[in-house]
Each structure stands twice: as C-alpha cells, then as structure tokens.
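In what follows, residues are counted from 1 in the order of the sequence shown.
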Amino acid sequence: MKPFSRDGNDGAERSAIVRTSRTLYLALLCAMFWAVLFILQQPKPAAFFSQLKIAPAFQLGLSDDKCVGRYVYMYDLPPRFNADLVRDCRSLTASTDVCKHAANDGFGPTITGGGGEGGSLPETGAYDTDQFMLAVIFHARMRRHECLTSDPATAAAVYIPFYAGLDVMRYMGQENPDISVREALPRDLVEWLLRRPEWRAMGGRDHFLVVGRGSWDFLRAPGATGKGGNSLMTYPAIRNATVLTVEASPYHGFDFAVPFPSHYHASSDADVSSWQGRMRRAERRWLWGFAGASRPSSKRTVRSQIMEQCGRSSRCAMFDIDTSVAATPGRTLQLLESAEFCVQPRGDAYTRKSTFDSILAGCIPVFFHPISAYLQYIWHLPRDYRSYSVFIHHGDVVDKNASIEEALTKIPPAKVAQMREEVIQLIPTVMYRDPAAKGVTFKDAFDVAVDAVILRVAKRRRAAAEGRECWDSVDGGKSWKHDLLEDGENTTRPHEFDKYVYT
C-alpha cells in the first residue's frame with residue numbers, strides 16, 4: 001500500500017477525510033439529541049417505550065421526573081368563569097351563605113373546640129364544609145398540584161377550572177328564569193373552549209372539569225323552562241370531556257361521581273394515621289344510627305320507616321336534622337363514630353354527603369338502593385360492596401318486611417370487625433386534604449380522581465391513535481357505570497343491580 005506522502009495532494013485527502021468524520025459525528029450526536037427529546041415529549045412514555053421494547057427515559061437514568069405521564073395543564077380561564085362568581089357570592093342565592101362556604105379555598109369556616117359541645121372533630125383541620133363547594137376545593141388543590149405544567153404538549157390531561165355549581169346556583173330557586181341569562185355562562189365557556197388549540201387537539205377528550213353538584217342540575221334540555229338547572233352537560237363539546245360530579249347520572253358515559261367533601265381535611269400522613277387509630281379505638285355504644293331529616297312525602301327514601309324503627313329501638317341513636325339544634329358537624333360526627341352501622345337512605349337526590357361523613361367516622365354504611373353508592377363512586381369505593389357495607393332492599397323496608405336491626409344483628413362480630421377495618425382503610429381516599437400540605441404520601445379523593453382521569457385519557461389517546469373511539473361506559477339504562485368496558489368492548493354484561501334501574 002502506498003503510504004501517505006507529505007505532498008499537497010495527500011494532505012488535502014487526509015484533511016477531507018477528517019472533516020467528513022467530524023461532520024458525520026456531529027450529525028449523529030444531533031440525531032441522538034433530537035431522538036431523546038422526542039421520546040421525552042411523548043404524553044405516555046411508558047407505553048411508547050413498551051412498544052419499542054426498551055425502557056422509558058426515567059429507567060434509563062435520563063430522567064427521574066416523577067410526573068412523567070402525570071402532568072396536568074390548567075387553563076387560565078377568564079375570571080367570569082370562577083373568581084368573579086366567588087367575588088359576587090352574596091348575589092348568588094338568598095338561601096345559602098355562599099361567601100361563608102367559599103372561604104378557606106372552599107373548606108368554609110374553621111371549626112374549633114371539636115365542632116360544638118361534645119363534638120369530636122380534631123382541633124386542627126376541621127371546617128364547616130358545604131357539600132357543594134367541590135369545584136372551589138378542586139381548583140385550590142390543582143393550583144398547588146405537584147404535577148401542574150405550563151406546557152400543554154407535555155400534559156396527560158387538561159383541567160377546566162369552571163365553577164359550574166356556583167353559576168347554576170343563581171337560578172335553582174327561580175320560577176322560569178330568563179333562559180338566555182341562565183344559559184349564558186355555559187354557552188360562553190363552550191365557545192371559549194372551542195377556540196383553544198388545546199381543545200382542538202383531541203376535541204376535548206383529554207379535558208376534565210368538576211361541576212360540584214349532581215349531574216341532574218346540568219342536563220336540562222336547551223330552552224326548557226321551569227325551576228333550576230342549565231344545559232351545560234348537553235353540549236356535545238362537554239360530553240367529549242370527563243365531568244366530575246358528586247352524583248353521576250346512570251345513563252351517560254362521560255360523568256363520574258367523586259366523594260362529597262366532609263368536615264375533616266388532614267394536613268399530614270401523621271394526621272391521617274392518628275385519626276384512623278382513633279376510629280379503631282372508638283367506643284361504639286350503639287348498634288346503628290341515623291343522622292338526617294324526615295321525608296314524609298316520599299316513601300321511596302325509606303326515611304320514615306328508618307326513623308320509626310330507630311325510635312322503637314334501644315340500640316339505635318338518631319339526630320333529626322330538621323328539629324335538632326345540636327346537630328352541628330362535630331355532634332353529628334360524634335353520633336356516627338359511636339355506632340357500628342350508619343344507615344344511608346336516599347336523600348334529596350340519590351346520594352348523601354352523610355355517606356362520607358360515616359366513612360370518616362369509621363362507621364359501616366348501610367344502603368337501601370345501589371344508586372346511593374355502588375353505582376356512583378366507582379373510583380373511590382371497593383367494587384366488592386359487601387366488604388365495607390350492608391345492603392338491605394329498600395322495598396322490603398317500605399313494605400315492613402325487613403327489620404333493619406334484625407339484619408344487622410345477624411352479622412357475626414368477626415365480620416363486623418373486618419368490615420369496619422375496610423371502612424377505616426378507605427378514610428384517606430374519601431377525604432380532601434389541606435391543599436397547602438407538603439410532604440404527604442397518602443392519596444386523597446383528589447389524587448384518586450385525577451389518577452383515574454389520566455388513565456381514562458390515556459385509553460382515549462390509544463384509541464384515537466388506532467382510529468377509533470374509546471368506550472369505558474355506555475349510554476342507556478343498563479350501564480349504570482357498574483361494569484366499565486375495556487378497550488374494544490361495546491356491550492355491558494348483566495349485573496345484579498340491573499333490576500333497580502327504574503325503581
């Protein structure tokens with residue numbers, strides 16, 4: 001082989017080769033950089049890497065970001081959709097002190113001294129929380145969310161902080177309010193969303209909002225007259241999103257129930273552990289208890305039968321909320337934590353805030369209709385309802401064919417203890433913790449809901465990539481959200497609660 005000579009030609013050749021090698025090297029480095037950047041920007045990196053049969057970035061040591069795949073982007077809505085509603089709280093309704101309840105990020109006024117004479121609420125973290133402030137509570141928590149992002153391209157879900165419950169409250173008691181005024185804010189919200197590039201990316205299928213009341217208040221037919229409600233949840237755009245509500249409709253596949261807020265909002269893991277320990281040690285003097293008002297005009301609620309049976313029993317304690325001036329949050333909780341079982345009939349609607357007050361108190365809930373809990377809180381309560389609750393057919397109680405006390409007495413003590421422990425384990429997942437708390441590891445109701453929304457959006461993204469819609473529930477009388485469909489399924493399976501659809 002001829003060696004390189006020192007003349008100009010050989011030197012030029014060698015220089016060209018060196019320049020070419022450097023160019024190729026730089027090009028390779030650039031390609032690797034952009035490949036890694038592309039991978040890190042994927043909304044679900046774990047799924048992306050699993051398809052390529054290599055580990056995600058955080059497993060390769062390229063990132064230790066715990067929020068990868070969990071980031072949430074929150075819209076900065078015009079203040080008329082949230083802040084202005086709180087500012088104008090005194091004009092929303094004459095029946096409720098909204099200003100009081102909206103204080104402290106929606107938790108309401110602080111409660112001291114246990115919440116009243118003989119009350120059992122803790123000295124810190126106790127609030128007089130209204131059941132319909134959940135949109136405000138969620139927004140406060142999301143503003144401090146550890147995985148909040150300002151870049152929608154990295155978000156696993158998009159949050160719409162609209163205080164729908166405060167808006168609809170203005171018209172709930174009015175007889176035939178001006179329809180154009182009642183529907184103005186929902187219509188404006190939809191128009192605002194449709195102009196956003198974040199919305200257009202998936203048609204809103206990666207969005208979610210918290211309405212803070214039952215779905216029924218937002219399903220009024222457009223243009224319908226009569227008292228209360230608006231048509232927010234009838235807009236096709238909103239039906240593309242995921243709507244979180246305290247009571248979901250059994251006939252729709254886009255609204256999901258989350259727990260009502262109770263009166264205790266822990267600030268640390270130690271707070272929760274201490275509270276759970278206290279509920280385990282509580283002296284439960286009563287076999288069963290009931291806190292609520294009578295409904296003499298409705299036999300479907302079984303309340304009159306409950307109050308009649310409780311009044312005759314020496315093993316039952318009761319607060320009649322309509323007549324008892326002592327039924328403060330603290331005193332009510334004291335009743336619930338002194339009973340083994342707490343009966344939960346349907347209330348003004350199908351569900352009750354008291355269900356979650358009872359769980360907070362370590363009291364085993366007793367339901368009379370599956371829609372009160374089993375077909376609602378599918379993200380927060382165990383699917384095996386027998387593990388934490390008792391079910392007694394409401395028809396048997398109405399027809400006086402069933403004694404509540406007799407049914408409860410038949411449950412073996414070991415089973416009661418097992419059920420109560422299951423209830424106590426549920427406590428952190430049904431409470432809403434202090435949004436300013438730091439260093440907590442337990443998942444509260446907010447965390448459970450957001451995780452479920454992100455999982456739902458991930459399924460919808462995969463379906464969209466495959467050119468299809470993702471159905472995790474169905475419209476129609478037999479869905480009831482009791483049997484969520486897996487990807488690719490479109491028919492619900494028979495279920496023991498199907499017979500309750502129209503009762």
Side-chain angles (χ1 to χ4, degrees), residues 114-121 131 260 262-263 279 282-374 385 388-413 415-416 419-420 423 500 503:
E117 182 180 354
S120 62
L121 282 165
Q131 63 181 341
F260 284 93
S262 190
H263 297 290
M279 293 306 108
E283 180 186 357
R284 304 197 180 263
R285 303 186 305 275
W286 308 100
L287 175 65
W288 60 297
F290 172 64
S294 61
R295 294 288 187 274
S297 62
S298 175
K299 291 184 178 181
R300 294 179 66 190
T301 67
V302 306
R303 290 190 179 211
S304 59
Q305 291 81 7
I306 287 171
M307 298 178 82
E308 179 184 336
Q309 290 192 28
C310 185
R312 295 197 310 262
S313 172
S314 61
R315 305 182 68 187
C316 181
M318 178 171 55
F319 265 150
D320 185 343
I321 302 299
D322 280 343
T323 60
S324 178
V325 295
T328 62
R331 292 292 300 276
T332 302
L333 190 66
Q334 184 185 44
L335 165 69
L336 300 177
E337 73 173 64
S338 67
E340 294 275 13
F341 300 93
C342 294
V343 293
Q344 303 297 338
R346 285 177 285 180
D348 295 324
Y350 290 115
T351 59
R352 299 183 76 211
K353 174 179 177 290
S354 179
T355 293
F356 301 100
D357 294 337
S358 296
I359 293 175
L360 187 68
C363 187
I364 301 167
V366 180
F367 298 109
F368 302 90
H369 196 289
I371 199 174
S372 294
Y374 308 147
Y385 63 90
Y388 73 95
S389 69
V390 176
F391 180 69
I392 302 174
H393 193 306
H394 70 108
D396 292 338
V397 179
V398 169
D399 296 336
K400 300 184 179 181
N401 293 325
S403 164
I404 298 171
E405 188 163 312
E406 182 179 339
L408 300 178
T409 304
K410 290 179 179 179
I411 304 175
K415 176 63 175 176
V416 173
M419 294 168 70
R420 182 163 60 249
V423 169
Y500 288 93
T503 59

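Applying the side chain to side chain donor-acceptor pair (under 3.5 Å) criterion to S389, with sequence neighbours excluded, gives Y374. Residues forming a salt bridge (Lys or Arg N to Asp or Glu O under 4.0 Å) with R284 (at least two apart in sequence, or on another chain): none. Residues passing the side chain to side chain contact (heavy atoms under 4.5 Å, CB included) test with R315, sequence neighbours excluded: L287, S313, E405, T409. A search for side chain to side chain contact (heavy atoms under 4.5 Å, CB included) contacts involving S372 returns R346, F367, H369, not counting sequence neighbours. Residues satisfying the side chain to side chain contact (heavy atoms under 4.5 Å, CB included) criterion with A317, sequence neighbours excluded, are W286, L335.
Residues H263 and L333 have side chains not in contact (no heavy-atom distance under 4.5 Å, counting atoms from C-beta outward). Residues D357 and F260 are not in side-chain contact: their nearest non-hydrogen atoms beyond the backbone lie 4.5 Å or more apart. Taking 4.5 Å as the limit, some side-chain heavy atom of W288 sits within range of a side-chain heavy atom of Q309. P345 is listed as a side-chain neighbour of R352, based on a closest heavy-atom distance under 4.5 Å. Residues E340 and L408 form no side-chain contact, since every pair of their non-hydrogen atoms from C-beta on lies 4.5 Å or further apart. Put simply, the side chain of S262 does not reach to within 4.5 Å of the side chain of I359, judged on heavy atoms.
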Side-chain atoms of residues 396-404: list all donor-acceptor pairs with protein atoms under 3.5 Å, sequence neighbours left out, distances to 0.1 Å.
{"residue": "S403", "atom": "OG", "partner": "E406", "partner atom": "N", "Å": "3.1"}

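Between the SG atom in C342 and the CZ atom in F290 there is a gap of 10.5 Å [rounded to 0.5 Å]. Distance check: E308 CD to R303 CZ gives 16.0 Å after rounding to the nearest 0.5 Å. Interatomic distance, L121 CG to T328 OG1, rounded to the nearest 0.5 Å: 8.0 Å.
Residue A339 comes nearest to G289 through the heavy atom pair CB-N, 3.9 Å, listed as atom of the first residue, atom of the second, then distance. Shown here for A407 and I392, the closest heavy-atom pair between the two residues is CB-CD1, 3.9 Å. Of all the heavy atoms in V423 and C363, the pair that sits closest is CG1-O, 3.9 Å. Summarising the geometry of S358 relative to Q344, their closest heavy-atom pair is OG-NE2, 2.7 Å, with the distance given to 0.1 Å.
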